[in-house]
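Below you'll find the structure, written out as structure tokens, and then a few comments.
Bear in mind the structure is a predicted one, so any value in this text is a computation, not a measurement. Residue numbers run from 1 in the order of the sequence given. Atoms considered below: every heavy atom in the structure, side chains included; atoms not considered: hydrogens, waters and symmetry mates.
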Amino acid sequence: MRPDTPAENVDHTAEAARLERTAGLYPEDAEALLLQSAAHLELAGDRPAATTLYDRLLSSSDSLENPHLIRALKAANLWEYGHEAEARAIIDGIRAAAPRDPAPWVIVAESLESHDELEAAQKTFTEGVTLLLADVPEPPPHSSHPLLFGRHRVRRMLGAAHDDWDVLADTLHSSPVPLDELHDPKRVWSLGSDNPAELQAEISRLRAELGTYREELSRPFPVAVLHWPTGELAELVGAYPTLSDEYPSHEEHLATIEASLRELSASGTPNLGIVTGTVPSYEAFAASEASSPADTDLLPQYATTLAARGRAVSWPPERGAGCWCGSGVAYGGCHGGDRGNVV
């Protein structure tokens with residue numbers, strides 16, 4: 001699908017099929033591509049087919065990057081075509097698992113909200129905010145903003161008094177129309193009014209909301225540093241020995257990544273991330289650039305391409321999350337510590 005194709009002209013079924021075929025060609029991107037395919041199936045109204053794709057991902061023998069996100073999307077989709085009990089069971093399981101990624105929390109809370117389960121939605125938003133943001137220095141990570149904004153919206157509908165999290169949401173909101181006004185439960189849908197003042201006020205609110213959505217869609221991809229897992233780096237250097245000058249050892253490679261990201265952060269560079277490379281993917285990229293994988297100038301280009309394809313993981317990780325290096329240790333006790341460059 002061309003990026004300038006109007007939404008009303010999209011054949012969602014055909015686009016879903018195209019993405020599914022593409023996933024077969026690029027297995028390293030299969031998770032992201034199949035999630036996009038499932039989204040098109042939902043938009044096409046074929047929700048059972050979307051569930052089949054979610055089940056296919058969850059039953060895959062390959063390790064998933066975002067299993068809780070996939071379960072959350074499956075739950076929201078199931079509820080939309082009558083499988084409420086199963087959806088609720090999945091939502092309960094996600095809440096019990098307490099994922100460290102804001103996205104699953106937002107999806108399941110918004111699913112509860114859309115089915116008028118406002119108390120449960122508010123509780124879910126609050127659980128996610130408390131888990132991910134308690135003791136986190138302000139400003140919180142951008143990825144957590146939808147949690148705060150969603151919680152604010154639901155609490156306004158419930159008539160709850162503002163608390164510290166609501167104040168933080170108000171502070172982070174950059175639109176000219178305040179959150180309290182956008183989330184006002186008494187807000188009149190003035191587009192059906194004959195009063196020019198009401199019409200103009202609602203147009204202003206809609207423009208503010210549209211501006212916020214556009215800002216999110218245009219958010220640049222992260223400035224990403226390339227990470228090679230142990231096995232991939234050994235295979236890479238074994239196939240292209242001249243890269244040993246770039247990568248003397250895996251330990252030094254990991255230490256360089258953390259040092260580079262800290263230096264970028266200290267210089268004021270925002271939106272940092274890490275992309276993980278694989279040798280087949282890198283070789284395919286080199287071929288597409290008519291270059292040799294041994295060319296060190298190709299490495300940053302490969303990292304940028306992965307980031308542009310949505311493969312970057314934000315740095316630093318969320319509080320309590322595992323270290324980006326894959327050690328299985330929490331980031332604070334690994335590369336995030338004062339002596340984190342010692343592996």
Side-chain angles (χ1 to χ4, degrees), residues 68-69 71-136 138-193 198 201-202 204-213 215-216 318:
H68 295 301
L69 173 62
R71 290 188 180 92
L73 290 167
K74 177 184 175 182
N77 181 57
L78 283 168
W79 203 334
E80 290 300 320
Y81 72 105
H83 296 267
E84 178 182 344
E86 187 176 354
R88 285 183 181 276
I90 295 172
I91 289 173
D92 289 343
I94 292 170
R95 291 171 65 179
R100 297 287 176 169
D101 175 15
W105 289 103
V106 172
I107 291 167
V108 297
E110 288 184 346
S111 182
L112 290 164
E113 177 189 355
S114 68
H115 291 90
D116 296 323
E117 301 278 350
L118 297 185
E119 289 287 355
Q122 192 270 155
K123 185 176 180 181
T124 303
F125 274 125
T126 301
E127 287 174 1
V129 166
T130 304
L131 175 72
L132 298 177
L133 298 184
D135 303 323
V136 170
E138 294 186 16
H142 187 274
S143 60
S144 66
H145 292 190
L147 262 180
L148 289 162
F149 297 158
R151 182 179 183 276
H152 183 288
R153 179 181 61 250
V154 171
R155 286 170 57 80
R156 282 286 279 143
M157 286 191 284
L158 288 170
H162 264 38
D163 60 9
D164 291 341
W165 292 124
D166 292 321
V167 172
L168 178 58
D170 287 329
T171 303
L172 295 172
H173 182 65
S174 58
S175 168
V177 179
L179 274 184
D180 275 349
E181 185 174 344
L182 289 176
H183 296 166
D184 185 354
K186 297 180 181 178
R187 175 178 168 185
V188 178
W189 187 249
S190 302
L191 291 179
S193 172
E198 288 183 352
E202 186 59 26
S204 296
R205 296 187 191 101
L206 290 170
R207 281 176 173 166
E209 289 182 298
L210 182 59
T212 301
Y213 293 142
E215 181 181 347
E216 288 299 310
E318 301 280 355

Heavy atoms, side chains only, cut-off 4.5 Å: are [X] and [Y] in contact?
X: V129; Y: S144; result: no
X: E117; Y: E113; result: no
X: L112; Y: V108; result: no
X: E127; Y: L131; result: no
X: Q122; Y: T126; result: yes

Give the minimum heavy-atom separation between [X] and [Y], together with the two atoms involved.
X: A109; Y: A121; answer: O-CB, 3.4 Å
X: H152; Y: D170; answer: NE2-OD1, 3.1 Å
X: I90; Y: R71; answer: CG2-O, 3.4 Å
X: F125; Y: P146; answer: CE2-O, 4.2 Å
X: I107; Y: A72; answer: CG2-O, 3.5 Å
X: W165; Y: R151; answer: CB-NH1, 3.2 Å

Donor-acceptor contact present, side-chain [X] to main-chain [Y], <3.5 Å:
X: T124; Y: A120; result: yes
X: S114; Y: S111; result: yes
X: R155; Y: A161; result: yes
X: W105; Y: P99; result: yes
X: T171; Y: V167; result: yes
X: D166; Y: D163; result: yes

>> Please verify the inter-ring angle class for H83 with Y81; under 30° counts as parallel, over 60° as perpendicular, anything in between as tilted.
In response: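 Rings of H83 and Y81: perpendicular, as their planes differ by over 60°.
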> Mind checking whether H115 and W79 have parallel, tilted or perpendicular rings, split at 30° and 60°?
Replying inline: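 Parallel: the ring planes of H115 and W79 meet at under 30°.
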Nearest-0.5 Å distance, [atom1] of residue [X] to [atom2] of residue [Y]:
X: L73; Y: N77; atom1: CG; atom2: CG; value: 8.5 Å
X: E84; Y: I91; atom1: CD; atom2: CD1; value: 9.0 Å
X: E86; Y: L78; atom1: CD; atom2: CG; value: 4.5 Å

> Are any of the side-chain nitrogens in R153 or E110 under 4.0 Å away from the carboxylate oxygens of its partner?
Replying inline: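 Salt bridge present between R153 and E110.
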> Less than 4.0 Å between a side-chain N and a carboxylate O, is that true for E119 and K123?
Replying inline: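 Salt bridge between K123 and E119, a charged N being under 4.0 Å from a carboxylate O: no.
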>> For L158 and V154: C-alpha separation, side-chain torsions, deciding distance, then whether side chain to side chain contact (heavy atoms under 4.5 Å, CB included) applies.
In response: CA-CA 6 Å; L158 288 170; V154 171; 4.0 Å; yes
>> For a quick check under 3.5 Å, do D101 and H68 share a side-chain donor-acceptor pair by atom type?
In response: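 There is no such pair (donor and acceptor under 3.5 Å, judged by atom type) between the side chains of D101 and H68.
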